[in-house]
Number of protein chains: 4
Amino acid sequence: MHFSHTRARIIRSGEKLFARYGISNVTIRQIAKESGVNSSTIYYYYQSKEDLFEHIVNHIELVFGEDFSIAVEKNDPLEQVSELCWLFFDKYNQNINLVTLFLDERIKSNQNERVKKTIRKVENTINEALEKILDNCRDLGYLKSDLSNLVYIKMIFGILVETILFQKRSGSLLKNENQTHQFLTFRNEAIHLIKGILMVK
Amino acid sequence: MHFSHTRARIIRSGEKLFARYGISNVTIRQIAKESGVNSSTIYYYYQSKEDLFEHIVNHIELVFGEDFSIAVEKNDPLEQVSELCWLFFDKYNQNINLVTLFLDERIKSNQNERVKKTIRKVENTINEALEKILDNCRDLGYLKSDLSNLVYIKMIFGILVETILFQKRSGSLLKNENQTHQFLTFRNEAIHLIKGILMVK
Amino acid sequence: MHFSHTRARIIRSGEKLFARYGISNVTIRQIAKESGVNSSTIYYYYQSKEDLFEHIVNHIELVFGEDFSIAVEKNDPLEQVSELCWLFFDKYNQNINLVTLFLDERIKSNQNERVKKTIRKVENTINEALEKILDNCRDLGYLKSDLSNLVYIKMIFGILVETILFQKRSGSLLKNENQTHQFLTFRNEAIHLIKGILMVK
Amino acid sequence: MHFSHTRARIIRSGEKLFARYGISNVTIRQIAKESGVNSSTIYYYYQSKEDLFEHIVNHIELVFGEDFSIAVEKNDPLEQVSELCWLFFDKYNQNINLVTLFLDERIKSNQNERVKKTIRKVENTINEALEKILDNCRDLGYLKSDLSNLVYIKMIFGILVETILFQKRSGSLLKNENQTHQFLTFRNEAIHLIKGILMVK
DNA sequence: AATGAATGAGGATTCATTCAT
DNA sequence: CATGAATGAATCCTCATTCAT
């Protein structure tokens with residue numbers, strides 16, 4: 001079988017549990033139970049708990065992979081930043097566990113080198129896209145301040161992360177329509193704010 | 001003395017280790033070793049590992065406690081926000097471990113209720129101060145956008161957190177003068193950016 | 001073919017690994033890897049790890065089987081003992097793994113009954129040959145001491161074993177010519193010593 | 001407590017079980033059960049199973065430590081060798097487990113470096129004593145053969161080991177008087193044989 | 001106030017073995 | 001004949017916690 005069913009089940013359960021509780025608070029047996037296999041089976045596919053974790057983290061790279069450069073293809077830089085933000089929010093909606101994992105691991109200090117690398121890579125992908133967008137803004141006469149791109153990047157990233165955290169902590173996205181609406185509104189506000197900031201001549 | 005020397009040593013070691021490795025990656029014995037006491041001694045002062053952790057997290061409340069309202073005492077709301085940001089950065093400089101712990105715990109989803117409460121309380125303290133500042137801005141004719149205070153709060157908080165994370169990941173603050181200078185510059189930029197955003201009429 | 005290629009490969013690998021590391025330090029998977037088959041395949045041929053081990057140990061009997069009686073066919077008992085010793089050394093040269101296994105198992109106390117039996121049988125084969133040789137010596141007027149044959153047997157066996165252990169621990173036989181020569185010399189000395197002892201009138 | 005009772009109990013049980021079954025066939029739980037402590041307690045005193053094993057093996061050095069040089073203090077080299085042999089047999093009587101362990105480990109090929117070292121050291125102790133005795137023999141005009149000391153040493157060692165193995169495999173020493181007597185006789189014979197060999201002019 | 005000794009519960013990992021194909 | 005997938009039992013080891021002193 002090319003893409004083992006069991007493998008997929010293990011990964012999915014791992015994703016969920018690691019995201020929720022962190023690597024050291026999840027036992028192999030829990031993952032085994034959640035994925036309906038024997039714990040030895042996990043060792044048949046992955047060399048160790050750490051190995052499984054790394055495989056899961058690698059998925060993050062896949063999720064955040066190419067797409068952000070697509071945003072830059074839009075004509076207007078303000079459209080571009082808007083697109084990038086929506087892409088980011090979409091990723092979250094579609095891979096809540098993975099994105100949660102990403103946010104968690106991003107601020108941990110001691111961790112597996114390979115995990116660290118993946119996190120940096122994902123951040124870089126986003127940063128580079130933002131860098132281009134900011135340059136485009138400047139070309140159009142926007143962003144006349146003498147502040148560095150870096151501050152703007154951190155600001156945009158910061159507000160995106162806070163938006164997601166706000167949502168995450170308010171409970172899962174789909175609880176009811178009202179809430180969904182509320183979140184959509186808030187995301188819209190966030191994007192408007194960012195655009196407003198960049199647009200200043 | 002209410003606050004025995006031993007107690008203090010234990011707390012300080014716990015702070016350091018918990019901040020660096022997270023609660024589940026630190027053993028009572030490690031804390032005992034770091035603080036030069038026997039692990040049983042820790043149980044003499046604290047009922048359990050969790051209890052010790054809670055006590056440490058409570059320190060965060062002390063650190064972030066009152067001061068932010070001081071910021072609001074300034075005349076100009078732009079001065080107020082500036083003051084608040086510097087306060088935040090100062091807290092970090094003076095309590096790197098505790099602030100790190102705060103940032104870590106802030107994004108974890110599963111955790112001790114009391115820890116959760118403390119984290120919320122600290123966030124609220126900051127948020128309330130920001131809320132007031134934003135209102136003051138509006139009173140002065142700034143911030144003419146129809147965006148909610150909440151987005152502005154998230155934005156400001158986001159950029160503050162990212163600034164600290166940037167610094168934290170670039171290595172300890174005091175490695176050399178150049179670096180210190182670099183960070184100071186960046187912090188300045190961040191504050192300028194925030195003020196610029198709020199100032200818009 | 002009675003004796004399939006795969007079977008042979010498994011046995012050979014088992015021999016090597018069991019001799020080197022002992023039964024409990026070798027896993028079925030190691031043997032599978034070494035012999036280039038799947039571990040399930042081993043279970044196709046042998047009922048269990050123990051079963052495989054027994055089959056391998058049985059080889060020892062084949063190796064040490066008949067030949068020692070050949071020694072007794074020589075005319076002179078001193079020639080006989082010399083022949084027996086050389087036979088023993090030759091066995092070692094040609095089946096280092098098996099002989100190593102024999103020496104190992106010989107001194108272990110807890111073991112599979114069938115293994116024990118095989119070891120005893122091999123020892124008996126040698127002992128009986130030696131017994132005959134000693135009787136022949138006495139018939140010729142040698143060995144006038146009132147010591148029992150048993151002590152002589154143990155002595156001869158002891159020196160043979162020590163000679164092999166000496167060589168085994170000094171490294172593999174064929175490292176270089178010098179070493180080979182050195183071992184040959186030592187073996188010669190050992191046999192001379194034994195003959196000298198038996199020859200005493 | 002200087003010499004923890006628990007420690008002693010663990011060591012004794014380990015000695016017994018390791019000697020009987022070999023390190024990899026004994027579980028920590030078995031040792032715990034045999035010594036009447038919890039298996040965690042073993043880890044309180046020893047870092048790992050291997051560590052415990054090393055500590056036990058170190059005892060071998062203590063047992064075989066100095067005494068063999070005492071043998072050399074006798075006047076006559078034949079007395080000396082006799083003394084040395086009896087010392088060896090006595091060690092066995094008093095520390096059956098440890099000596100068994102020594103014999104076992106002596107022929108294993110793959111093993112812990114520290115264990116290997118201890119085994120070599122013990123062998124050296126005996127070999128050096130034998131070397132001196134052989135030199136003394138030569139000084140007195142004995143041992144006129146042109147064979148090296150090494151062969152003689154191996155021969156003596158071989159017969160001693162075989163004698164012990166013989167006894168070990170025949171069952172524990174003290175089963176009944178008859179058997180005791182039988183073993184004593186055999187040991188006597190072995191020593192006589194050795195002396196006879198050395199005495200040859 | 002402080003500690004050394006001891007433990008029970010639980011965790012990661014290994015491994016011989018089975019079974020469907 | 002041969003194998004990939006799967007498992008249960010067992011193993012080493014860790015760690016928070018307790019208790020007598």
Side-chain angles (χ1 to χ4, degrees), chain A residues 1 4-7 9-10 23-32 35-53, chain B residues 4-7 10 23-32 35-53, chain C residues 4-7 10 23-32 35-53, chain D residues 1 4-7 9-10 23-32 35-53:
Chain A
M1 259 163 275
S4 151
H5 184 49
T6 308
R7 226 184 181 99
R9 285 220 314 269
I10 293 170
I23 183 170
S24 43
N25 296 310
V26 174
T27 74
I28 284 289
R29 285 223 240 288
Q30 275 173 58
I31 299 176
S35 53
V37 303
N38 187 287
S39 49
S40 320
T41 305
I42 295 178
Y43 285 91
Y44 180 75
Y45 289 103
Y46 303 96
Q47 298 198 314
S48 65
K49 189 179 171 182
E50 186 118 358
D51 184 39
L52 170 60
F53 187 65
Chain B
S4 89
H5 184 49
T6 307
R7 224 182 182 100
I10 293 170
I23 182 170
S24 44
N25 295 311
V26 173
T27 72
I28 285 288
R29 271 196 181 72
Q30 275 172 59
I31 299 177
S35 53
V37 302
N38 187 286
S39 52
S40 313
T41 305
I42 294 178
Y43 283 91
Y44 179 77
Y45 288 103
Y46 303 96
Q47 296 198 316
S48 66
K49 189 182 172 181
E50 188 115 1
D51 184 39
L52 170 60
F53 187 65
Chain C
S4 90
H5 185 49
T6 307
R7 223 183 185 102
I10 293 170
I23 182 169
S24 43
N25 295 311
V26 173
T27 73
I28 285 289
R29 269 195 181 75
Q30 275 173 59
I31 298 176
S35 53
V37 302
N38 186 287
S39 53
S40 313
T41 306
I42 295 178
Y43 284 91
Y44 180 77
Y45 289 104
Y46 303 96
Q47 298 197 316
S48 67
K49 189 182 174 183
E50 188 117 0
D51 184 39
L52 170 59
F53 187 65
Chain D
M1 258 164 276
S4 151
H5 184 47
T6 309
R7 224 181 183 103
R9 285 219 314 270
I10 293 170
I23 182 170
S24 45
N25 295 309
V26 173
T27 73
I28 285 289
R29 284 226 238 291
Q30 275 173 58
I31 299 177
S35 52
V37 302
N38 187 289
S39 48
S40 319
T41 304
I42 296 178
Y43 286 94
Y44 179 74
Y45 289 103
Y46 303 96
Q47 298 198 315
S48 66
K49 189 179 170 182
E50 186 119 357
D51 184 41
L52 170 60
F53 187 65

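In what follows, chains are A, B, ... by sequence order, proteins preceding strands, each numbered from 1.
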Only stems of 3 or more consecutive Watson-Crick or G-U pairs count here, both distances under 3.5 Å; name the ones for DNA chain F, or none. E:2-21 with F:2-21
Quick one: side chains of residues 43-50 of chain A, donor-acceptor pairs under 3.5 Å with protein atoms, not counting sequence neighbours, listed by atom name and distance.
residue, atom, partner, partner atom, Å
A:Ser48, OG, A:Glu50, N, 3.4
A:Ser48, OG, A:Asp51, N, 3.1
A:Lys49, NZ, A:Ile23, O, 3.1
A:Lys49, NZ, A:Val26, O, 2.7
A:Glu50, OE2, A:Asn112, ND2, 2.6

Which residues satisfy the side-chain contact (heavy atoms from CB on, under 4.5 Å) test with C:Thr27, sequence neighbours excluded? C:Arg29, C:Gln30
CZ/B:Arg7 to OG1/B:Thr41 distance, rounded to the nearest 0.5 angstrom? 12.5 Å
Classify every nucleotide of nucleotides 11-18 of chain F by which part a protein heavy atom approaches to under 4.0 Å, writing B for the base, S for the sugar-phosphate alone and - for neither, in 5'-to-3' order. BSBBBBBB
What is the distance, rounded to the nearest whole Å, between atom CD1 of A:Ile10 and atom C1' of F:dA6? 10 Å
For C:Tyr44 and F:dC1, what is the distance between atoms OH and P respectively, to the nearest whole Å? 5 Å
What are the two closest heavy atoms between A:Ile10 and A:Ile31, and how far apart are they? O-CG2, 4.1 Å
What are the two closest heavy atoms between B:Ile28 and B:Ser39, and how far apart are they? CG2-CB, 3.8 Å
Whole angstrom is fine here: how far is it from CZ in C:Arg7 over to C1' in F:dA2? 14 Å
Once you round it to whole Å, what is the distance between C1' of E:dA16 and CG of C:Asn25? 15 Å
Reading DNA chain E from 5' onward, which residue's closest nucleotide shows up sooner: B:Asn38 or D:Val37? B:Asn38
In short, D:Ala32 meets D:Ile42 closest at the heavy-atom pair N-CD1, 3.7 Å
If you look at every strand shown and take non-hydrogen atoms under 4.0 Å, does D:Tyr46 touch a base, only sugar-phosphate, or nothing? nothing
